[in-house]
Amino acid sequence: MPLSDLATADFTPEPLDFFSGGGEMGALMRAYDWESHPLGAAEHWPQSLKANIRLMLNSRFPMFIWWTKGLYMFHNDAYLPALGKKHPQALGASAREMWAEIWEQIGGITTDILENGSQFYAENLLLFLERKGFAEETYWTFSYSPAFNDAGEVEGIFCACSEETSFVFSQRRLKTLKDISDALAQVQTLEQLGSTACAVLEENAMDLPYSLLYLSNSSGSEAVLAGKSGELADNLVPDKIPLRAGEAAWPLAQVQQTRKSLVVDLPGDAAAGAAQRAAILPILRPGQDLVVGFFIAGLSDKQEYNEAIRSFHDLLTGQIGTSINSVLARQEILKRQEYLKDIFQQAPVGITMLRGSDYIVDIANPGVCEIWRVKQEDVLGKPILQVIPEAGEQGFKDLLDGVMATGIPYVAKEQPLVLERKGIQEIVYLNFVYHPLRDEQGFITGVIAVAIDISEQVKARQEIEFINRELLATNADLDNFVYSASHDLKAPIFNIEGLVNELQAHLPREVSSSAEVQQLTTHIHTSIDRFKRVVTDLTQVARIQREGSEDASTIQLETLISEVWRDFKPVVAETGATLETHLAPGAAIIRFSAKNLRSVVYNLVSNALKYKAPDRSPRIAISAAATTEHFILAVKDNGLGVNPEDVKKMFSLFKRLHDHVEGSGIGLYIVKKIVENAGGKIEVESNPGKGTTVRIYFKK
């Protein structure tokens, strides 16, 4: 345009410029014949509607507007997935007609908004939408707000929404996977496995309207029903299905041959409700190309059969297969043990008779010679420690001395013995009994030992334990182990302590007062005390892992830090340690579990003192700050520090990066669990020789 024409140019906006941009929907709105629509020509629409449409079209967040009491529909490109097959006819259509399938749920809400100007918000609301040719299970988070005309009157509804279907499905399916993992970790037999698995699956009827679990018999000729959930016609739940015949209720033979999943249609009204299709998946033993069973999963026709549901089925099947493998392996071990028991009843066990304080071998049968890996003629008449000197270094002589001194038999289970023959070390595991051998007057003259080599069972069990550890590691079952260990070890510790005290009380004065005995008993009590501390730590770990949450209280941080510092008074006096605190305004008070926050501060201060640098006194600085989202607690020291690549290892259970001082490797793990359970996070900065800074972010 020439400059001379600018003064007379008409800059009146185009009448439909509020449809500009907006991608596909903007183009459709510009091309729509609005003059024949009940709303009339678009240029005459209220400015408020035009402004809202312009805003909506240029947003990447799903939005729509329903205008007038006719609830005529406008929406942007981001909302198109919600419409599915209702697009493009939804534009300008009445929401009452377009969403007739859910109008019973939302009709009253829209009426309330139009008549009263109310607002409505829903989170993860279940709606069955017919957007793909069937009533689809969907979940939505959305807000309905009144839309106003130019006079300020409610003329329509504005909605911003987000589909949460994938998220809800994922969370629901993850819970099922976790629940079935936890449940199957406890089963002992295949019968328990089938019923337990299906009992868990029955709790997720939305994803699994019904399910069947069939296990192959030993010959692979038929599949036997092991578990069932949901409702199915009786003819589809036979107790046994042949795998080598023609007609069958389910085509399991085909799945067995192909080792691939298969989707089938059910006849008539075979399934309750509307689940007329099912997926049949083969169950394979991990690491083997062997079908050990079949998992039949009903397919809800409220959902698409897509990659997500297929992955869910695969994970379920894999979990069941792993559990079957564990049960079968455990049963195999039990069979081996029973077999060994029969052998022991029919054949001599390892028996030896040791005479005098030098433990001269008077009798050694072939069984015990095999355990010792020696020939019978090389053993008789010789001191046992001359025959297997390595046994003395492993505490066996102390056990024999104890039986000789007290007359109390010693029973050992799975006692390891490392033998060295021709420069090669071999470990054997023994069940044995040391029993005092008495003469006619009742005096102890030696020890008779009965031993069984159980190396095969132990190693086989260790293999099973490895399998179980892999299973438990995948599904986070460490809390059960810690809980059991922390409780079950208490009684044996106290029993040992009581036995030691009882032994001291029965020892002759001249024996108990000897330097050697006093030193030995001191070492025993020291070991018992250390064992108690470890169990105490384990108990705390179990508490932290099993606690879901507890009521928070208001905590004065300065007071808590002072109390913790007083606990270390002897260490502070010995090392010359100093403490500085810097609490920012608004960070001196925190709402948290008092005992858990104290445990966090205690463990961090303990580590700072414990791992001090040898050439300087410990200097510890504790600071606190607050943001809109977090309360940040930082503990800085000038200690040994660690390599940056080892920082992640610091919080592992039983992991110690410096082993020159005592410790169980549990403290920082407890800190991590407390913080994670509360929704927080941990950051660490550390350099060798310069010290460490640990920042704890507590979620407000």
Side-chain angles (χ1 to χ4, degrees), residues 526 529-530 532-534 536-537 540 555-585 587-590 592 594-626 631-672 674-675 680 682-698:
T526 300
D529 291 339
R530 291 181 63 185
K532 286 181 178 178
R533 289 197 297 272
V534 170
T536 299
D537 287 341
Q540 188 173 6
I555 303 168
Q556 298 286 341
L557 190 57
E558 185 76 38
T559 302
L560 185 145
I561 294 172
S562 298
E563 292 175 353
V564 170
W565 189 249
R566 283 197 296 271
D567 290 347
F568 295 100
K569 187 175 182 181
V571 179
V572 171
E574 179 183 349
T575 61
T578 60
L579 173 68
E580 298 178 7
T581 58
H582 305 281
L583 308 182
I589 298 176
I590 180 175
F592 202 72
K595 61 182 178 181
N596 285 349
L597 183 60
R598 192 182 196 285
S599 180
V600 169
V601 176
Y602 182 93
N603 279 296
L604 294 179
V605 172
S606 174
N607 269 35
L609 292 171
K610 186 184 300 182
Y611 301 113
K612 68 180 186 64
D615 57 345
R616 55 181 178 268
S617 297
R619 295 181 59 187
I620 303 173
I622 301 180
S623 61
F631 178 94
I632 307 171
L633 177 68
V635 178
K636 180 179 181 181
D637 65 55
N638 65 338
L640 293 173
V642 298
N643 293 318
E645 58 268 22
D646 291 334
V647 164
K648 291 184 178 180
K649 303 176 184 177
M650 293 172 57
F651 299 92
S652 299
L653 188 59
F654 303 124
K655 184 68 176 179
R656 299 175 60 210
L657 300 179
H658 299 291
D659 56 7
H660 64 285
V661 295
E662 291 188 2
S664 60
I666 291 177
L668 289 182
Y669 176 80
I670 292 174
V671 171
K672 178 173 178 286
I674 290 174
V675 174
I682 302 175
E683 292 180 353
V684 179
E685 295 178 7
S686 187
N687 287 293
K690 295 184 179 181
T692 301
T693 300
V694 180
R695 293 184 183 88
I696 309 294
Y697 290 78
F698 296 96

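For the atom pair Ile670 CD1 and Asn596 CG, the distance stands at 10.0 Å (nearest 0.5 Å). Atom CD1 of Ile632 is separated from atom CD1 of Ile590 by 11.0 Å, given to the nearest 0.5 angstrom. The line from CG of Asn603 to CZ of Arg598 is 10.5 Å long, rounded to the nearest 0.5 Å. Atom CG of Leu597 sits about 4.5 Å away from atom CD1 of Ile555, to the nearest 0.5 Å. Ile682 contributes atom CD1, which lies 7.5 Å from atom NZ of Lys672 (distance to the nearest 0.5 angstrom).
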**Message:** Go through it in stages, so that I can follow the logic: the residues are Ile674 and Phe592, the test is side-chain contact (heavy atoms from CB on, under 4.5 Å), and I'd like the CA-CA distance, side-chain angles, deciding distance and then a yes or no.
**Reply:** CA-CA 11 Å; Ile674 290 174; Phe592 202 72; 4.0 Å; yes
**Request:** Just do the side-chain contact (heavy atoms from CB on, under 4.5 Å) check on Val694 and Val671 with the steps written out, would you?
**Result:** CA-CA 11 Å; Val694 180; Val671 171; 5.9 Å; no
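The aromatic rings of Phe698 and Phe631 sit tilted, their planes meeting at an angle between 30° and 60°.
Panel note: side chain Ser599, backbone Lys595; no donor-acceptor pair is recorded below 3.5 Å. Asn638 places no side-chain N or O within 3.5 Å of a backbone atom of Ala608 that could act as its donor or acceptor partner. When atom types are taken as modelled, the side chain of Asp637 and the backbone of Thr692 share a donor-acceptor pair closer than 3.5 angstrom.
Scanning all heavy atoms of the two residues, the minimum distance from Leu640 to Ala613 falls at CD2-CA, 3.9 Å. In plain terms, the two heavy atoms of Gly576 and Ser617 that are nearest each other are O-CB, 3.6 Å. Heavy-atom minimum distance, Ala584 versus Ala625: CB-CA, 4.1 Å. In plain terms, the two heavy atoms of Gly641 and Ser686 that are nearest each other are CA-OG, 3.3 Å. Across Val675 and Tyr697, no two heavy atoms sit closer than the pair CG1-O, 4.3 Å.
Here the rule is side-chain contact (heavy atoms from CB on, under 4.5 Å) with Ile622, and of Val564, Leu579, Leu557 only Leu579 fits it. Only one option out of Thr575, Ile620, Leu609 pairs with Phe568 in a side-chain contact (heavy atoms from CB on, under 4.5 Å); it is Leu609.
Electrostatic pairing of Glu580 and Arg619 counts as a salt bridge here, judged by a charged N lying under 4.0 Å from a carboxylate O.
Side chains of Asn687 and Pro644 form a contact here, defined as non-hydrogen atoms less than 4.5 Å apart. Contact of the Val571 side chain with the Lys612 side chain is not registered, since no non-hydrogen atoms from C-beta on lie closer than 4.5 Å. With contacts defined as side-chain heavy-atom distances shorter than 4.5 Å, the pair Glu685/Arg695 qualifies.
Residue-environment remark: CD (Glu645) exceeds the threshold of 12 foreign heavy atoms within 6.0 Å.
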